[in-house]
Amino acid sequence: MSTLFHTRGISAIIGVMVGLSAIAHAQVTPSPADTARMQWGHSDFSRYNRPSMCDRAAMLTWGYETRRYNPDTVLQFQEGIERQFPEKAVDVTRACINTLDIDSVSPRQTWSLARVLLVVNEDAKSKSSIDRLLARGVTRYDTLHVLGKAIELYMDALPVRMDLALSYARQIDSLPLGPGIQPIRFNVRNMIAGYWMRKYEVDSVKKYANEAIEIFRYMEPMERDMAAINSPFNSLINIANEKGDLVEQEAIMDTARKLMAEWRQDNGRRWLDQTARMIDLRSSMYGRKTQPLKGAFWLNNGGVPKPVEGKISLVVMANHNCGKNCTSQFIALKRLQEMYGDKLDLTVISVTQGYAPGSGVLTPEEEAKAAADYFTKFHGLSASILVDEAPVYTYEDGRVVRDHAPIVYTFNELSGVNAILTDTKGRVRWLGKLSNDYERKPLVLTINRILEEE
């Protein structure tokens, strides 16, 4: 799934806003009794006299506790929207904040105070601190600054405080229209739609994305930004794509065509044409029966080319020479196998490059064996391995050129697709991108639907 909703445009629109230390990515420290490796922080908070100090303590403790018990937490898909702070982080934050006189906190410390109050689940007090700051506003710019930052704060919280974010979004809606209001309202809708996209609540995504599109229609030409309108359209298209709903895809494209008819810039029309071609190509694949893959070297497949009928099959393009850059992809695949066991048949495809991790120059046969060992032994995947051979040409001047392996062209034609899922009858049910754990989520939903059908 492609990256959705690049909606932090609120800060750029309403002026210079201090970047939030996103709670969802916080890190943490325990007391020295827990570890000698992390020296910052201790159980005596008598010297802590500002909320920002407590904020830092919460961040360090969250990160340490999370990585201590689950080292690959950062690679999990957005189950984190509902995830709570570890008890240790809450205890550290509460002990720290109890040393402060909350009512006398300076306005400059309001955002740190609001964050740490969320950590200890004092949501009402967090809102009150922001409301006090909001009441100090003299100009509409001041009001927009606080409202925009409050929405980001509550949507970055762990778990997300959507009710509080919506309360401030409604305040933005209630402001009379004027310079700057429309783009802020547009970006708020985009941000909220992004939240529902991460939860995969399709109706809510459609509601807010469509509202963002309608707001976009009435924005002043000078405020229109093609990159921003891509977000809701791409999100709606992805939903329809992952649901295999061809009617929905075409309806979304009809909306895009109508909007782009109002657009006078060539980049808008180019984006629409490219998106339409991608949808047409992917749509043509749904329900089509696949044929067994062809390539130079099959390993761990029992002599049977994959995918085969009788099992749900996932075929994924990977790279046996990408090192730590592909760790998240392999973790996503391992988690899929842990979830579905022998109900899911996995095939990993790679291509020869002339070498493998820790090796010198290898023949294609040697490299194929090394690639299989890398996927199955090093990363622990239970998978059939297909390694296709990339043709090598030597020019007269001695230069060696490696061309694309044949199987690469097959995937390139699908425009960014690196994973294809087929059902037990060998029909394509999902195709898209699977390169990290977040992108596992729509795949999980599709597999679950197939299992329910059977």
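From a predicted model like this one, the values you see are computed outputs, not experimental measurements.
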(request) Kindly say whether Ser435 contributes a backbone atom to a donor-acceptor pair with the side chain of Ser328 at under 3.5 angstrom? (result) yes
(message) Distance alone, cut at 3.5 Å: any donor-acceptor contact between the side chains of Ser167 and Arg170?
(response) no
(message) According to ring-ring contact (aromatic ring centres under 6.0 Å, His included), who are the partners of Phe297, at least two apart in sequence or on a separate chain?
(response) none
(message) Could you go through Leu381 and Tyr374, starting from their C-alpha distance and side-chain angles, then the distance that decides it, and tell me whether this counts as side-chain contact (heavy atoms from CB on, under 4.5 Å)?
(response) CA-CA 9 Å; Leu381 296 175; Tyr374 177 71; over 6 Å; no
(message) Checking Ser204 against Tyr195: is there a side-chain donor and acceptor pair closer than 3.5 Å?
(response) no
Distance-only donor-acceptor hits, side chain of residues 357-367, under 3.5 Å, sequence neighbours excluded:
from	atom 1	to	atom 2	distance (Å)
Ser359	OG	Ala356	N	2.9
Ser359	OG	Ala356	O	2.8
Thr363	OG1	Glu366	N	3.2
Thr363	OG1	Glu366	OE1	3.3
Glu366	OE1	Thr363	N	2.9
Glu367	OE1	Gln353	N	3.1
Glu367	OE1	Gly354	N	2.8
Glu367	OE2	His320	NE2	2.8
Glu367	OE2	Gln353	N	2.6
Glu367	OE2	Gly354	N	3.4

(message) Nearest 0.5 Å, please: how far is CD1 in Ile331 from CD in Glu338?
(response) 10.0 Å
(message) Filter on side-chain hydrogen bond (donor to acceptor under 3.5 Å, both in side chains), then keep only pairs touching residues 381-392, sequence neighbours left out; what's left?
(response) Lys306-Ser384
(request) Return the minimal non-hydrogen interatomic distance between Ala368 and Leu299, and the atom names on each side. (result) O-CD1, 3.9 Å
(message) Is it the case that over 12 heavy atoms from other parts of the model lie below 6.0 angstrom from the NZ atom of Lys311?
(response) yes
(request) Find out whether Ile130 and Tyr168 are in side-chain contact, i.e. whether some heavy atom of one side chain is under 4.5 Å from a heavy atom of the other. (result) yes
(request) Taking Ser350 for its side chain and Val387 for its backbone only, find out whether a donor-acceptor pair lies under 3.5 Å. (result) no
(request) Over all heavy atoms of both residues, which pair between Glu152 and Met191 is shortest? Give the atoms and the distance, please. (result) CG-CE, 3.9 Å
(request) Please tell me if the side chains of Pro183 and Met219 come closer than 4.5 Å, counting only heavy atoms from C-beta onward. (result) yes
(message) On a heavy-atom basis, which atom in Ile312 and which in Leu421 lie closest, and how many Å separate them?
(response) CG2-CD1, 3.6 Å
(request) Taking ring-ring contact (aromatic ring centres under 6.0 Å, His included) as the test, write out the residues that go with Tyr340, two or more places apart. (result) none
(request) For Arg161 and Leu118, indicate whether the former's side chain and the latter's backbone hold a donor-acceptor pair under 3.5 Å. (result) yes
(request) Search all heavy atoms of Thr446 against all heavy atoms of Trp430 and return the closest pair with its distance. (result) OG1-CD1, 3.7 Å
(message) Applying salt bridge (charged side-chain N to carboxylate O under 4.0 Å, His left out), can you list everything that pairs with Lys334, at least two apart in sequence or on another chain?
(response) none
(request) For Lys207, enumerate each residue passing the side chain to side chain contact (heavy atoms under 4.5 Å, CB included) test, keeping only those at least two apart in sequence or located in another chain. (result) Glu211
(message) Could you check whether Arg189 pairs with Asp173 (Lys NZ or Arg NE/NH1/NH2 to Asp/Glu carboxylate O, under 4.0 Å)?
(response) yes
(request) Classify the angle between the aromatic ring planes of Phe186 and Phe216 as parallel (below 30°), tilted (30 to 60°) or perpendicular (above 60°). (result) tilted
(message) Holding to ring-ring contact (aromatic ring centres under 6.0 Å, His included), I want the full list of residues that pass it with Tyr393, two or more places apart in sequence or in another chain.
(response) none
(request) Give, for atom CG of Leu443 and atom CG of Leu431, the distance between the pair rounded to the nearest 0.5 Å. (result) 11.0 Å
(request) Drop me the distance from Leu333's CG to Leu314's CG, to the nearest 0.5 angstrom. (result) 6.5 Å
(request) Mind checking the OH-CD1 spacing from Tyr208 to Ile215? Nearest 0.5 Å is all I need. (result) 11.0 Å
(request) For residues Val315 and Leu386, determine if any side-chain heavy atom of one lies less than 4.5 Å from a side-chain heavy atom of the other. (result) no
(message) Is there a side-chain contact (heavy atoms from CB on, under 4.5 Å) between Arg402 and Thr352? Walk through the geometry before answering.
(response) CA-CA 9 Å; Arg402 191 175 300 274; Thr352 58; 4.3 Å; yes
(message) Any heavy-atom pair between the side chains of Ile447 and Lys343 that's under 4.5 Å?
(response) no
(message) Looking at Glu453, I'd like to know if its CD atom is crowded, meaning that more than 12 non-hydrogen atoms belonging to other residues, nucleotides or ligands lie closer than 6.0 Å.
(response) yes
(request) Name all pairs fulfilling the disulfide bond (SG atoms under 2.5 Å apart) condition that reach into residues 348-384, sequence neighbours left out, sorted by first residue then second. (result) none
(request) Please round to the nearest 0.5 Å and tell me the distance separating atom CG of Leu144 and atom CZ of Arg185. (result) 12.0 Å
(message) Has Gln329 got a side-chain atom pairing as donor or acceptor with Met317's backbone, closer than 3.5 angstrom?
(response) yes
(message) Tell me whether Asp373 contacts the main-chain N or O of Lys377 through its side chain, where contact means a donor paired with an acceptor under 3.5 Å.
(response) no
(request) Could you pull out the closest heavy-atom pair between Trp196 and Val205, with the gap in Å? (result) C-CG2, 3.4 Å
(message) So which atom in Leu336 and which in Leu434 form the shortest heavy-atom distance, rounded to 0.1 Å?
(response) CD1-CD2, 4.2 Å
(request) Go through Thr347 and Trp298 one step at a time and tell me if the side-chain contact (heavy atoms from CB on, under 4.5 Å) criterion holds. (result) CA-CA 10 Å; Thr347 299; Trp298 275 105; 3.9 Å; yes
(message) Contact between Ile172 and Ile151 at the side-chain level, heavy atoms closer than 4.5 Å - yes or no?
(response) yes
(message) Is the ring pair His404/Tyr409 parallel, tilted or perpendicular, if the boundaries are 30 and 60 degrees?
(response) perpendicular
(request) Scan for disulfide bond (SG atoms under 2.5 Å apart) pairs involving residues 279-338, sequence neighbours excluded, and state none if there are none. (result) Cys322-Cys326
(message) Could you work out, with salt bridge (charged side-chain N to carboxylate O under 4.0 Å, His left out) as the rule, every residue matching Lys127, not counting sequence neighbours?
(response) Asp131
(message) Among residues at least two apart in sequence or on other chains, which ones pass ring-ring contact (aromatic ring centres under 6.0 Å, His included) with Tyr355?
(response) none
(request) Please round to the nearest 0.5 Å and tell me the distance separating atom CG of Asn301 and atom CD1 of Ile385. (result) 9.5 Å
(message) Strictly by salt bridge (Lys or Arg N to Asp or Glu O under 4.0 Å), give each pair with a member in residues 347-360 just once, sequence neighbours left out.
(response) none
(request) For side-chain contact (heavy atoms from CB on, under 4.5 Å), just list the numbers for Met162 and Met155, CA-CA rounded to whole Å, side-chain angles, deciding distance to a tenth of an Å, and then say yes or no. (result) CA-CA 6 Å; Met162 179 52 70; Met155 295 196 69; 3.5 Å; yes
(request) Compare all side-chain heavy atoms of Leu293 with those of Pro307 and state whether any distance is below 4.5 angstrom. (result) yes
